[in-house]
Amino acid sequence: AGIIYVSASDLGWQPIKATWMLRRPEINASRQAEVDILDPLFDRWLKQKPPNSGAAEDFFDWCMRNIKLVMPCNDSILICQTLNLLSASLKSYVDENAIPAEDT
């Protein structure tokens with residue numbers, strides 16, 4: 001047995017998002033509907049090339065090319081912080097056992 005190290009640049013942000021999505025239904029069964037709404041939005045806003053983005057391949061590439069960061073961070077850190085903020089934003093829906101509308 002041993003430890004296998006995979007760098008964040010090799011792994012990317014999608015496995016982190018996928019794991020977060022898999023854990024949402026563990027909160028309660030109605031979270032699967034939430035996952036069904038959120039998954040295409042992640043693909044639309046993070047995975048696809050942003051509008052007028054020039055050579056950028058996705059949102060994270062665009063950020064690296066266009067935003068001057070105070071402290072350097074990789075895609076893994078950015079997606080973890082995004083998911084933390086999203087979890088906090090969805091807490092009221094979890095508490096009420098409600099599902100956000102697709103257009104909100």
Engineer: Taking C-beta and beyond as the side chain, do I16 and L83 meet within less than 4.5 Å on heavy atoms?
Structural biologist: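 Touching, per the 4.5 Å side-chain cut-off.
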Engineer: Should we say atom CG of N52 is surrounded by more than 12 heavy atoms from elsewhere, each under 6.0 Å from it?
Structural biologist: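 No, not enclosed.
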Engineer: So, S53 side chain and K49 main chain: donor-acceptor pair closer than 3.5 Å or not?
Structural biologist: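 Between the backbone of K49 and the side chain of S53 there is no qualifying donor-acceptor contact (under 3.5 Å).
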Engineer: Over all heavy atoms of both residues, which pair between D61 and A55 is shortest? Give the atoms and the distance, please.
Structural biologist: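 The pair with the smallest heavy-atom distance is OD2-O, 3.9 Å.
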Engineer: Which heavy atom of P100 sits nearest to which heavy atom of E34, and what is that distance?
Structural biologist: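 Closest approach of P100 to E34, heavy atoms only: CD-OE1, 4.3 Å.
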Engineer: Yes or no on ring pair (Phe, Tyr, Trp, His ring centres under 6.0 Å) for W45 and F59, after CA distance, side-chain angles and deciding distance?
Structural biologist: CA-CA 7 Å; W45 294 105; F59 172 76; 9.4 Å; no
Engineer: R24 pairs by side chain to side chain contact (heavy atoms under 4.5 Å, CB included) with which of N28, L22, I27?
Structural biologist: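 Answer to the side chain to side chain contact (heavy atoms under 4.5 Å, CB included) test with R24 among N28, L22, I27: I27.
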Engineer: Does the side chain of F60 come within less than 4.5 Å of L78's, by heavy atoms?
Structural biologist: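 They are in contact (side-chain heavy atoms under 4.5 Å apart), so the answer is yes.
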Engineer: With no hydrogens and no angle check, is any side-chain donor or acceptor of N74 less than 3.5 Å from a backbone partner on I77?
Structural biologist: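 Side chain of N74 to backbone of I77: a pair is present.
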Engineer: Applying the 4.5 Å side-chain criterion to the ILVMFWY set and letting contacts propagate, would V35 and L90 be lumped into a single cluster?
Structural biologist: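 Linked, V35 and L90 end up in one cluster.
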Engineer: How close do I99 and Y93 get, counting heavy atoms only, and between which atoms?
Structural biologist: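 Looking at all heavy atoms of both residues, the shortest contact is C-CD2, 4.0 Å.
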Engineer: Would S87 and W20 count as having a side-chain donor-acceptor pair, cut-off 3.5 Å?
Structural biologist: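 Yes, side-chain donor-acceptor contact under 3.5 Å.
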Engineer: Heavy-atom count around R65 CZ within 6.0 Å, excluding the residue itself: above 12?
Structural biologist: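 Count over threshold, so yes.
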Engineer: Between the main-chain N or O of W62 and the side-chain N or O of N66, is there a donor-acceptor pair closer than 3.5 Å?
Structural biologist: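 The answer is yes, because a donor-acceptor pair under 3.5 Å joins these two groups.
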Engineer: Find out whether K17 and D39 are in side-chain contact, i.e. whether some heavy atom of one side chain is under 4.5 Å from a heavy atom of the other.
Structural biologist: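 When only atoms from C-beta onward are counted, D39 and K17 do touch, with a gap below 4.5 Å.
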Engineer: Taking all heavy atoms of G12 and all of S76, pick out the closest pair and write down the distance.
Structural biologist: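 Distance-wise, the nearest heavy atoms are O-OG, 4.2 Å.
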Engineer: Hey, any chance L46 and L41 share a hydrophobic cluster, counting ILVMFWY side chains that come within less than 4.5 Å of each other, even indirectly?
Structural biologist: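 They do share one cluster, since a chain of ILVMFWY contacts under 4.5 Å joins L46 to L41.
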